[in-house]
Protein chains: 2
Amino acid sequence: MDPRTLETLRTVGSQGGVTAAAAVLHLTPSAVSQQVALLQREVGVPLTERVGRGLRLTPAGEALAEAAVDVAVALERARAACDEFLERPQGVVRVSAFQSGAQLLLPALLTRVAGIEGITLECTDEDVAQDDFVALTDRMDVVVAHRPDDGLGWSGGRAVQVVPLLREPLDLAVPLDHPLAQHAEVRPDDLRDLPWIAVREGFPVATVLGAVGARSGETPRIVHRVNDFHVVEALVEAGHGVSLLPRYTFGGGARVRLVPLAGVRAGRRIDALVRRDRAERLVVRRVLDELRALAVDIDTA
Amino acid sequence: MDPRTLETLRTVGSQGGVTAAAAVLHLTPSAVSQQVALLQREVGVPLTERVGRGLRLTPAGEALAEAAVDVAVALERARAACDEFLERPQGVVRVSAFQSGAQLLLPALLTRVAGIEGITLECTDEDVAQDDFVALTDRMDVVVAHRPDDGLGWSGGRAVQVVPLLREPLDLAVPLDHPLAQHAEVRPDDLRDLPWIAVREGFPVATVLGAVGARSGETPRIVHRVNDFHVVEALVEAGHGVSLLPRYTFGGGARVRLVPLAGVRAGRRIDALVRRDRAERLVVRRVLDELRALAVDIDTA
DNA sequence: GTGACGCTGTAGCGTTGCTGCATGGATCCG
DNA sequence: CGGATCCATGCAGCAACGCTACAGCGTCAC
């Protein structure tokens, strides 16, 4: 029962399959399958069960995977205990963020971390469906994710730590020459019968527009589904519809007008997701500290 | 950084050397040395330092060894998590006890555990110096140890769990025809100028006699040093001296007379010592439960 | 000073765990 | 309804890791 094998089991569970887990762990599916089979023989309980052409963890498997988290945490804590005796912590930290979050946070984060000796940041932008952010933590140290203001938390359970960064309001984006562009704020009633540009179903903040529509009494008329906010901005600018855009990230531009919403709460929460074992690494902690401080700067600016 | 290697480091620390650790781990000293060297290279900090012809852990080594305990605990907890899904826990538990404790507890413990399906007990008697009981936990699952009533606790730190079992009074043992044999109790003043049979220096309850002597105002005159209480009993019976003997273990016999001491607190505490990782095993827990219940029976009898 | 003890390096060997490929179900689509 | 596809799994082969055995060297005791 070695931690590598336990980690493999955990990944099979979180990724939902042998092949996906193998990709994350940089192994062949065969190796993953063999590891699980061996582990299964060792504990004498079935850990996985086939479902369709894939497989999922049995209750026993889930229990073991959960226990595996504590093993990984204890191991990283042991590493950290030694690092305390090294004068300067050292290592690379992989950070992923959804695009607009990356645009908002990563440049300043890189600047801040550049001042810290020994920490190397590797950044990536990842645009995934709402439910898939947690799975990214298997590949990344820090995952910057967003979710609707009112929505539930993340599904990672005890395995992932959620670090709240900031709340970003979503404003109505209209063309500069739109009638509503001159308003200081708009109320749900003003939004009737507008042509909306929304994000694809299942992606973060997709549900926010529905909540806003519910306040105006009718379901919004969605004419386009576009995930990239820059494309959205260009479409709005050209008069092809209105949309909801995050204030901090798109408030500065002159291409569209952002009008605050009143009488309805619209916003997104930006969180950092970290696997609990990764969170034990000293360098990861330092990066999270910087990220949190940065978020405070933005929020109070 | 695998748990096996961490365990090796921990053992080198607790056993105080490569050779002793190798014996416990059923390895050659060379293998142990190589593991430590490799671990050292991995963390980049010296973990051991030579002292004379042996070696000890550096502060960094101590820190890592302490963290290693949590790793081992987490791993055993993972195993236990799976065992929950097996209907009956199964396994062998190695129990060691000092001789008189073994005589007092092991027969009844074996009887009790015999009623539990799946648990196999392997018992040993181990007579070691006071400070060496903790080190036994590396080889044994449960170590039944004793210490003076008033003494400090055990030195194992966070790594070993101490389960108090019972307190056993130490009575004055005299020949059946001794003047004091008719007394219902004896006071420190009655003990002046008696020829004492004590245990060897450094062994458990060796200090108790000194404490008793202090109350009588003079240092006891020790004429023999014998560790085995049965030998002590035979010597006392034959009139070669008096001694302190544990009440529960030797009170039933007719070879000597045990007279309670008054005006001075003399006794030993019997504890079970268990490494925290071993304590996570379900079967070990069950055995400890029985041991505790058994101690209550004796104490209230 | 000499013997014993204890830690450490090196050579050699066995075992473990991986990759690559082939097989057998289960699903999707024409 | 049948072929294509995807996924998990078994087996052969190979590389790497970790152990034992043995020699070397420093330290302590007599």
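By convention in this document, chain letters (A, B, ...) are assigned in the order of the sequence lines, proteins followed by strands, and residues within each chain are numbered from 1. Remember, it's a predicted structure, so these values are computed and weren't measured experimentally.
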For DNA chain C, the residues among residues 44-69 of chain A that have a non-hydrogen atom under 4.0 Å from it
A:Gly52, A:Arg53

Side chains of A:Val92 and A:Leu121 in contact at under 4.5 Å (non-hydrogen atoms):
no

With nearest nucleotide decided by heavy atoms, which residue, A:Arg4 or B:Ala20, maps closer to the 5′ end of DNA chain C?
B:Ala20

Figure out the CG/C1' separation between A:Leu25 and C:dC18, and round it to whole Å.
13 Å

A:Arg4 atom CZ: more than 12 heavy-atom contacts under 6.0 Å:
no

Rounded off to whole Å, could you give me the CD-to-P distance for the B:Gln40 and C:dC7 pair?
14 Å

In whole Å, I'd like the distance from the CG atom of B:Asp2 to the C1' atom of D:dA16.
15 Å

How long is the line joining CD of A:Gln35 and C1' of C:dT19, in whole Å?
13 Å

Check: A:Thr19 side chain, D:dA8 base, donor-acceptor under 3.5 Å:
no

Here the distance between atom C1' of D:dC17 and atom CE of B:Met1, to the nearest Å, is 17 Å

What about A:Ser33: does its side chain form a donor-acceptor pair under 3.5 Å with the base of D:dG10?
no

One pair to check against side chain to side chain contact (heavy atoms under 4.5 Å, CB included): A:Thr5 and A:Glu42. What are the steps and the verdict?
CA-CA 11 Å; A:Thr5 308; A:Glu42 187 178 343; over 6 Å; no

Are the side chain of B:Ser33 and the backbone N or O of B:Pro29 linked by a donor-acceptor pair below 3.5 Å?
no

Give the rounded distance in Å between these two atoms: CG of A:Leu38 and P of D:dG10.
11 Å

Distance in angstrom units between A:Glu7 CD and C:dG17 C1', rounded:
17 Å

A:Asp141 and its salt bridge (charged side-chain N to carboxylate O under 4.0 Å, His left out) partner, picked from A:Arg275, A:Arg285, A:Arg276, A:Arg281
A:Arg281

When you measure from the side-chain N and O atoms of A:Thr28 to the phosphate of C:dT19, is any distance below 4.0 Å, counting only OP1 and OP2?
yes

Any residue meeting side chain to side chain contact (heavy atoms under 4.5 Å, CB included) with B:Ala279, in chain and number order, not counting sequence neighbours:
B:Gln161, B:Val274

Starting from the C-alpha separation in whole Å, work towards a yes-or-no answer on side-chain hydrogen bond (donor to acceptor under 3.5 Å, both in side chains) for B:Thr58 and B:Glu62.
CA-CA 6 Å; B:Thr58 62; B:Glu62 291 286 359; over 6 Å; no

Rounded distance (Å) that lies between atom C1' of C:dG20 and atom CG of A:Leu27:
14 Å

For C:dT16, does the base pair up with any side-chain atom of A:Gln34 as donor and acceptor (N or O, under 3.5 Å, distance only)?
no

